[in-house]
Amino acid sequence: MSEELKECPYEDLVNPTRVHVDSYGNVHVCQGISIGNCWETPLSDLIQTYDAQKHPICGPLVRGGPIRLIEEHNIDINSEYVDECHLCYAARLRLIDKYPDYLAPRRVYGLE
Ligand code: SF4
């Protein structure tokens, strides 16, 4: 496994300046990483209460990128990955049943 892949290269997960809202109401800080559903909770509340460090997926990513994500969740991944996002996605796919509210919708992961 590479010693790299220690930070998220594309998203500011601590202070996101944009989010994506899908057709189910899920609010994404990166595709497939949800901070809540704006059909259930007002978007302004989701933004104001979001704390990356307390989010089970964003927290590890902020602390040390996709490598930290697999370390903190004890995911055994031995394959090689072409970049941060490839490993991040593979790790999230392994975590989706444990964190369905944070990794949504399943369709993003090709599971529906
Ligand atoms: S897939 Fe993961 S590593 Fe890539 S930009 Fe999104 S959160 Fe960051």
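Note that these values count all heavy atoms, side chains included, but never hydrogens, waters or copies made by symmetry. In listed order, ligands and their atoms are each counted from 1.
The nearest heavy-atom contact from the protein to atom 2 (Fe) of ligand 1 is Cys88 SG, 2.4 Å. The closest protein non-hydrogen atom to atom 1 (S) of ligand 1 is Arg92 NH2, 3.4 Å. The closest protein non-hydrogen atom to atom 4 (Fe) of ligand 1 is Cys85 SG, 2.3 Å.
When distances to atom 8 (Fe) of ligand 1 are checked against a cut-off of 2.8 Å, Cys8 contributes an N, O or S atom below that limit.
Counting non-hydrogen atoms of other residues, nucleotides and ligands closer than 6.0 Å to CD of Glu72 gives a total above 12.
Within the model, atoms SG of Cys58 and CG of Leu69 stand 9.5 Å from one another, a figure rounded to the nearest 0.5 Å.
With a heavy-atom cut-off of 4.0 Å, Ile33 touches ligand 1 through its side chain alone.
Residue contact check: Cys30 has heavy atoms under 4.0 Å from atoms 1 (S), 5 (S), 6 (Fe), 7 (S) of ligand 1. Counting the atoms of ligand 1 from 1 in the order shown, those under 4.0 Å from a heavy atom of Tyr10 are 5 (S).
Ring planes of Tyr81 and His86: perpendicular class, angle over 60° (limits at 30 and 60°).
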Next item on the list: List the steps and the verdict of side chain to side chain contact (heavy atoms under 4.5 Å, CB included) for Ile33 and Glu11.
Entry: CA-CA 11 Å; Ile33 303 179; Glu11 301 289 352; over 6 Å; no
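Checking side-chain atoms of Tyr102 against main-chain N and O of His55 turns up no donor-acceptor pair under 3.5 Å.
Side chains of His73 and Pro60 form a contact here, defined as non-hydrogen atoms less than 4.5 Å apart.
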